[in-house]
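Okay, so here's the structure we're looking at.
Side-chain atoms are counted along with the backbone in the values below, which use heavy atoms only and exclude waters and symmetry mates.
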Amino acid sequence: MENQTILYTLVLSGLSDLPSLQLPLFLVFLLVYLITLTGNLLIVLLICTDSHLQTPMYFFLGTLACLDIGFTSVTIPRMLFDFHTQKRLISIQACITQIYFILLFAASELSLLAVMSYDRYVAICRPLHYTQIMHWKTCVLLVLGVLIFSMLYPLVHVLLLLKLTFCRLNPLQSFFCDLPQLLLVSCSDTFINVFLSLFLAILFGGGIFALTFCPYIIILNTIMKMQSKAMRSKAFSTCSSHLAAVFIFYGTLFFSYFHPNAKTNSAVDKVVSVFYTILTPLVNPLIYSLRNKIMKISLKRANINFMGK
């Protein structure tokens, strides 16, 4: 360690090193960011102003839209800055801060998707008791619990990261500060960091995964027992949007960190990272609005009212 220079600034590899691609990429991701903000803000606005959407399901959907805005705002503005300056330098403190917020929003989204699974379970399997179980106090407490857990979970990683020193000149093979990538450029012993990352991922990630998918085993069993085809179709339609969002987020997240060539194929990793950090918040409003009749009716109603004014 004595002959090694401690670094206080890191280099992000970005999506591309080609100078000719910086402006096109800047414009593409600026457009993606604006569409993401517009779509998610529109969902929040509709849920807040339309009384037909002020139910537990849409309360959770509005919370998810807020989280999507936060998630994409942690990565894209920094990426746009790097495209503009073409330097891709980031301080250690800023890098750790970005990791904290990425973990916070990722944990929040995963936990909220589990809460939304429980909401669908109660709505389909216990419809007569839905209003008693999912009253507003319960919904608010569930969301508060998600946020408190999601704020505390990244602190473990941050406190351990603050004890590390960085002296390797290797650029982070990503367009944002990713926890595994940051550990690779540390010259300290990262065994505790890696162990806790895996342990907490298995403990909390496995628990959240089970809470998200286990209710659907009961839900599918209940739906298959329904006598009416119309009731089965309605039940499936209320779950399809949520399931699509779950599979997209989990699929890209798992592939990004657990595919066989995760440490060697950085180009593939970058593309997958774009999907779960940027494109998932972009497509969530489309999934929930295009596949939801009530949302489409609300959107038409809002458009008519706007045109009438």
Quiz item: Can the ring centroids of Phe213 and Phe247 be said to lie less than 6.0 angstrom from one another?
Solution: yes
Quick one: side chains of residues 28-36, donor-acceptor pairs under 3.5 Å with protein atoms, not counting sequence neighbours, listed by atom name and distance.
residue: Tyr33; atom: OH; partner: Ser73; partner atom: OG; Å: 2.9
residue: Thr36; atom: OG1; partner: Val32; partner atom: O; Å: 2.7

Quiz item: Do Ile278 and Phe175 have side-chain heavy atoms sitting under 4.5 Å apart?
Solution: yes
Under 3.5 Å, side-chain donor or acceptor atoms of residues 195-212 against the rest of the protein: list the pairs with distances, not counting sequence neighbours.
residue: Ser197; atom: OG; partner: Asn193; partner atom: O; Å: 2.7
residue: Thr212; atom: OG1; partner: Ile208; partner atom: O; Å: 2.7

Quiz item: Hey, is OH on Tyr250 packed in by over 12 heavy atoms from elsewhere, all under 6.0 Å?
Solution: yes
Quiz item: Backbone N or O of Phe191 within a donor-acceptor pair of the Asp189 side chain at under 3.5 Å?
Solution: yes
Quiz prompt | pair Leu182-Ile96: side-chain heavy atoms closer than 4.5 Å | solution = yes
Self-check item: Thr9 side chain to Ile90 backbone, donor-acceptor under 3.5 Å
Solution: no
Quiz item: Around His52, counting heavy atoms of other residues, nucleotides and ligands shown, do more than 12 lie under 6.0 Å from its NE2?
Solution: no
Practice problem: Could you tell me how the ring of Phe71 sits relative to the ring of Phe105: parallel (under 30°), tilted (30 to 60°) or perpendicular (over 60°)? | Solution: parallel
Quiz prompt | disulfide bond (SG atoms under 2.5 Å apart) contacts touching residues 72-134 (sequence neighbours left out) | solution = Cys95-Cys177
Exercise. Check for a donor-acceptor pair, side chain of Arg88 on one end and backbone N or O of Ser13 on the other, with a separation under 3.5 Å.
Key: yes
Exercise. Step through the shown structure and confirm whether more than 12 heavy atoms of other residues, nucleotides or ligands are within 6.0 Å of CZ on Phe101.
Key: no
Quiz prompt | Beyond-backbone contact of Val44 with Ile47, side-chain heavy atoms, under 4.5 angstrom | solution = no
Quiz item: CD of Gln22 to OG1 of Thr85: how many Å apart, nearest 0.5 Å?
Solution: 9.0 Å
Quiz item: Would you say Ser174's side chain and Phe176's backbone share a donor-acceptor pair under 3.5 angstrom?
Solution: yes
Quiz item: Of His242, Arg120, Met134, which is the lone residue that meets side-chain contact (heavy atoms from CB on, under 4.5 Å) with Phe60?
Solution: Met134
